[in-house]
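Report on the following structure.
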There are 2 protein chains.
Amino acid sequence: MMQRQKGVALWRQIADRIRASIAAGDYDATGRVPTEMVLAESFGVNRHTVRAALAALAQEGIVRAEQGKGTWIERRDKFDFPIGLRTRFTQGIGDQARDLKGVLLSAEAETATAETARWLKLDIGAPVRRLDALRKADGRAVSRSTMWFPSARFEGIEEAFRQTESITRALSACGVPDYLREVTEVSAVHAEPDDVAQLALSPGAIVLVTKALNIDPEGVPIQFAITRFPADRVQFSIRNG
Amino acid sequence: MMQRQKGVALWRQIADRIRASIAAGDYDATGRVPTEMVLAESFGVNRHTVRAALAALAQEGIVRAEQGKGTWIERRDKFDFPIGLRTRFTQGIGDQARDLKGVLLSAEAETATAETARWLKLDIGAPVRRLDALRKADGRAVSRSTMWFPSARFEGIEEAFRQTESITRALSACGVPDYLREVTEVSAVHAEPDDVAQLALSPGAIVLVTKALNIDPEGVPIQFAITRFPADRVQFSIRNG
DNA sequence: TATGGTTGTCTATATTAATAGACATTAGAG
DNA sequence: CTCTAATGTCTATTAATATAGACAACCATA
């Protein structure tokens, strides 16, 4: 059933499977997770191993155990982040959360690396501004972005983002009232130490990584962003037409 | 640096980070992974722990160690799977692999569950045909799909897929020469036992999950599919316009 | 051919993960 | 109140993970 000696503790594998079951709505009829003994038998492990898994899920705020009663689902919904021609972070996730915050972690003047230059159609070494931002929805970190803008057009982007907490409004302040998403690459990796720290994840947790290019209505690249989302809190939906 | 006591063995965390470095092209200048001693110092662990990580990557076919010389990158590219209005598996991944295979694992007549009915706009309990398929590119499993079709229009879809090894051609044989991708949901989870077995993954590995709806040119739903991709072999790219 | 650098293998030890059992604590039903 | 069923806590033991050191095997090259 479960696999041993593969570098992932049994309790973590079980936590991952219970989390997936909750997300899939398996326990929605009762809102309750099966008892520790039932889970232990179904996974073929000791009750203490299941307890370790449930403790991890409780730590994440997904379940809550009540002595004498049972263990209950605390939260199951993911944020759904739509990706399309007009992809906007604040709008996209806006109606799913009450409190949205965009925190500017750092801003620096840099020169374009090979990758940045390729995406932004600049020469390698061209001046760019890099912004690092953390976004929170209802107090939970939902993304960590590193964004690059051509310095020539976006000198004051840093201050504008700090004030408005929104890329759309910051770009507007820099004279770009509208922009389009040209391409989004999606991949998934394990959380790195920076993700663990900033997104409050466990090692082994999954991070969805997008590389995205935004262009102005004339087709000129204005922003290249690498964004990392905690996969247990976010999913994407791509709508065509 | 690395996190302990979090249910993921150090060697597996290190394997994940080296894999990510290779995928990012960090070692492309030499095609060579740093020596075991250098890696051990940079991660702050014992050389044996690094050796366990490299052994796992060698098992995956990503690196190859040569005694006395060093450890070399064996393979680094991911398949890029484009998602758009006309998403086609075989076409999309076709020019990136020499050998493409679609194996029908099972086919059954079922009645629509709540989820299937919602996506296909059928009544719950309506007759549907379910197909399970495994796709391989150059011998490596790249996806595992479960697909549902309304039975009324797609009685012979199973036999058509078995012969053509392609959904596009199977649909064409059922009188649907063209179809469109309406929506694709993307999420990521840890590999489940079935993924481990069929996609040849390790527990703790990442699986990208898509839920996709295809419609005919009149907008009538014809196929709902849940597809699971190994995240270390596949990425998605979403192009707009 | 001698040397330095690299991977491969072995032994030993300490720490962490997993199992097992016993019993306490709490909540709800009868 | 009593009984049952559930979670919470403790001890003990076994298995797996991580560290440490020593040395063999192999490769390139000075």
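Throughout, a chain's letter reflects where its sequence line sits, starting with A, and its residues are numbered from 1.
For the pair B:W72 CH2 and D:dA28 P, the interatomic distance rounds to 9 Å; values are reported in whole Å. The CG atom of A:L57 sits 16 Å away from the C1' atom of D:dT7 (whole-angstrom rounding). Atom-to-atom, CZ of B:R51 to C1' of C:dT6 comes out at 10 Å; the value is rounded to the nearest Å. One can place CE of B:M37 at 17 Å from P of C:dG4, the figure rounded to the nearest angstrom. Atom-to-atom, NZ of B:K69 to C1' of C:dT7 comes out at 12 Å; the value is rounded to the nearest Å. Put simply, CD on B:E36 is 16 Å from P on D:dA18, counting in whole angstrom units. Protein atom CD of A:E66 is 11 Å distant from nucleotide atom P of D:dT7, rounded to whole Å.
Under a cut-off of 6.0 angstrom, the local environment of CD in A:E110 is crowded, with over 12 non-hydrogen atoms contributed by other residues, nucleotides or ligands. Heavy-atom neighbours of A:D123 CG from other residues, nucleotides or ligands within 6.0 Å: at or below the threshold of 12.
In this structure, B:R17 forms no cation-pi arrangement with B:F43, as its terminal cationic atom is not both closer than 6.0 Å to the ring centre and no more than 45° off the ring axis.
Remark: the A:Q67 side chain and the C:dT25 base include a donor-acceptor N/O pair separated by less than 3.5 Å. Side-chain N/O atoms of B:R47 and base N/O atoms of C:dG8 include a donor-acceptor pair closer than 3.5 Å. Judged by distance alone, with hydrogens and angles left aside, A:H48 brings no side-chain donor or acceptor close enough to the base of D:dG8 to form a pair under 3.5 Å.
Nearest-nucleotide positions on DNA chain C for A:G68 and A:T49 put A:T49 closer to the 5' end.
A:R12 comes within contact range of no nucleotide atom at all, as no heavy-atom separation falls under 4.0 Å.
Closest to the side chain of B:R32, from the set C:dT6, D:dT7, D:dA18, is C:dT6. Side-chain proximity of A:W11 to the nucleotides D:dG8, D:dA18, C:dA17 is greatest for C:dA17. Between D:dT7, C:dA18, D:dA18, one nucleotide has an atom nearer to the side chain of B:A9 than all others, and that is D:dA18. When distances run from any side-chain atom of A:T71 to the nucleotides D:dT7, C:dG8, D:dT19, the shortest one goes to D:dT7. Comparing D:dA18, D:dG8, C:dG8 by their closest approach to the side chain of B:L10 singles out D:dA18.
Proximity of the aromatic rings of A:F236 and B:F236 is defined here by a centroid distance below 6.0 angstrom, and this criterion is not met.
Regarding contacts with the backbone of C:dA18, every side-chain N or O of A:N46 stays at 4.0 angstrom or more from both OP1 and OP2.
Of the charged side-chain nitrogens involved, none lies within less than 4.0 Å of a carboxylate oxygen, so that A:D77 and A:R75 do not count as a salt-bridged pair.
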